[in-house]
Protein chains: 2
Amino acid sequence: MKIIHEIYDIKEQIKKWKKEGLSIGFVPTMGFLHEGHASLIKTASKENDKVIVSVFVNPLQFGPTEDYSDYPRDIDHDSKICRENGASLIFNPSPKTMYGDKNYTHVNVDTLTNKLCGFSRPGHFQGVCTVITKFFNILSPDKAYFGEKDAQQLAVIKRMVKDLNFDIEIIGCPIIREKDGLAKSSRNTYLDNKGRQAALVLNKSLKSAHNLLESGEKDLSKVKKLIKNNIEKEPLATIDYIEIVDSLTLQPVYKIEDPILVAIAVYINNKVRLIDNFTFKIKQVK
Amino acid sequence: MKIIHEIYDIKEQIKKWKKEGLSIGFVPTMGFLHEGHASLIKTASKENDKVIVSVFVNPLQFGPTEDYSDYPRDIDHDSKICRENGASLIFNPSPKTMYGDKNYTHVNVDTLTNKLCGFSRPGHFQGVCTVITKFFNILSPDKAYFGEKDAQQLAVIKRMVKDLNFDIEIIGCPIIREKDGLAKSSRNTYLDNKGRQAALVLNKSLKSAHNLLESGEKDLSKVKKLIKNNIEKEPLATIDYIEIVDSLTLQPVYKIEDPILVAIAVYINNKVRLIDNFTFKIKQVK
């Protein structure tokens, strides 16, 4: 798998592809790729002539007490995943290449970033939006692929693209899960055996919430409460948030009209923060 | 002069030009064009196959007490100036076209925007950077032209382009002045006769400061003081700021090493805010 580290080099490559009229799909990642990323790359390969996977652990989106330096990295494994799923190349810049000595410019999406992960991780989405804007300008892809596991990120990026008039189609791809239901995440590697077992509470509590909604429950506070009770039964789990919001604006909803996003973040062993979610749309009454 | 109002239409036009391999120069303006803008358009016409002039009074860059609704507008006159100086078309979107019902996304350049006009006009440069990012994404020009009269704006946009990896060359063009030295500005039309006369104090005080620097003065506090004394002699003038800063970083300088920017903002009649500046580079001692 070809790995490009410098901005100049990748731009030269892209210029060649554009001249040949080839379409470009972009899959931004922080590396340590798993089947979730693989599915993004595979989808991108089907829909584009060329696929660029960025592998960049973006310091700007980590808080001072977060796991930037500990975040798992394995470029050889990433190359394998990229190759197997049809990527054309990996863009793997250094923080210095991306930000130089000093970065003064930031992109912010307000309102959508106040709640959920944005509340627990101040500055996180500013870091995400800034680096994604940079990647979009460097790579000028036709389409970019984001996992629905990071539901807030997907909504924020879609809004940013709309507000800043980027000519890029943003594609959300479904959550990929382990056989027992745990959403795939690079952070799952932080879990010990007991934590791994406890982490099932995320998907399980969401499943029961989904069932309750399917059965016709309209009172969203009851849905929230069900999730809360489920998670609190797991001694290794601590709730960061349980939110039910409009799936586009991420603002609180109290009635189900437009599609809703049910999203949770849970600490396992008080240190590994995991997220999961589902989107629910009420069926039209005939 | 062709005037395009809709984003879709201008993108179609640009697509055609790009297919033909034509280069595109962009001159962003708030309309009410004067010889300053004319010189930008003329320069752009020399350096590009096609030139787009945007005429858009950007609500985002005006403070709540500023002159957004009063800002002078005259699209017929603007068309004439554009035609005479070689523009290919005017892009004249409505605020609704640019921002829809709600804009959640903003671009900020920090540090460079804390002082000078950024201090007097909080939010101003966020508005400028956001709208320019949108224009850059809509128009994807090869080069964009900005007047050196708005020295801070030029420095901020250059920094934004660098930080966000826009593939656009930013060209600064010299200040154009009236015969008596007043820097051309759409806001000069707000001046009555006495105010018009009083406004000469900006250029005059900068000239004397330039002479003092040319004569070898190294103490920048003395240069500032000379400007201050000059302006204070004019009863209709009130100082907003007098700053001597590094011309790239806009941070205060106390010694002249790299090129410095001497920039002032002055209220005439307590209501018309005018700016002027010059850049000074010490001559190498042989």
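Each chain gets a letter, A, B and so on, in the order the sequences are listed, and its residues count up from 1.
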For B/Glu12, the salt bridge (charged side-chain N to carboxylate O under 4.0 Å, His left out) test, sequence neighbours excluded, returns B/Lys15

Would you give the length of the straight line joining atom [atom1] of [X] to atom [atom2] of [Y], rounded to the nearest 0.5 angstrom?
X        : Y        : atom1 : atom2 : answer
A/Thr105 : B/Lys162 : OG1   : NZ    : 10.5 Å
B/Leu164 : A/Phe136 : CG    : CZ    : 12.5 Å
A/Asn103 : B/Asp163 : CG    : CG    : 4.5 Å
A/Arg159 : B/Lys102 : CZ    : NZ    : 8.0 Å

Listed once per pair and sorted, the side-chain hydrogen bond (donor to acceptor under 3.5 Å, both in side chains) pairs that draw on residues 109-120 of chain B, sequence neighbours left out: B/Ser120-B/Asp240

Criterion side-chain contact (heavy atoms from CB on, under 4.5 Å) against A/Val107, the qualifying member of B/Val107, B/Thr130, B/Asn108: B/Val107

If you check every heavy atom in residues 59-66 of chain B against those of chain A, which residues fall under 4.5 Å? none

Close contacts, residues 243-251 of chain B versus chain A, judged by heavy atoms under 4.5 Å: none

Are the side chain of B/Asn165 and the backbone N or O of A/Ile138 linked by a donor-acceptor pair below 3.5 Å? no

Check: A/Asn137 and B/Asp167 side chains under 4.5 Å, non-hydrogen atoms: no

Are there over 12 heavy-atom neighbours, none belonging to [X], within less than 6.0 Å of that residue's [atom1]?
X        : atom1 : result
A/Lys18  : NZ    : yes
B/Lys16  : NZ    : no
A/Phe119 : CZ    : no

What residue in B/Met98, B/Lys134, B/Gln126 has the most heavy-atom pairs under 4.5 Å with chain A? B/Lys134

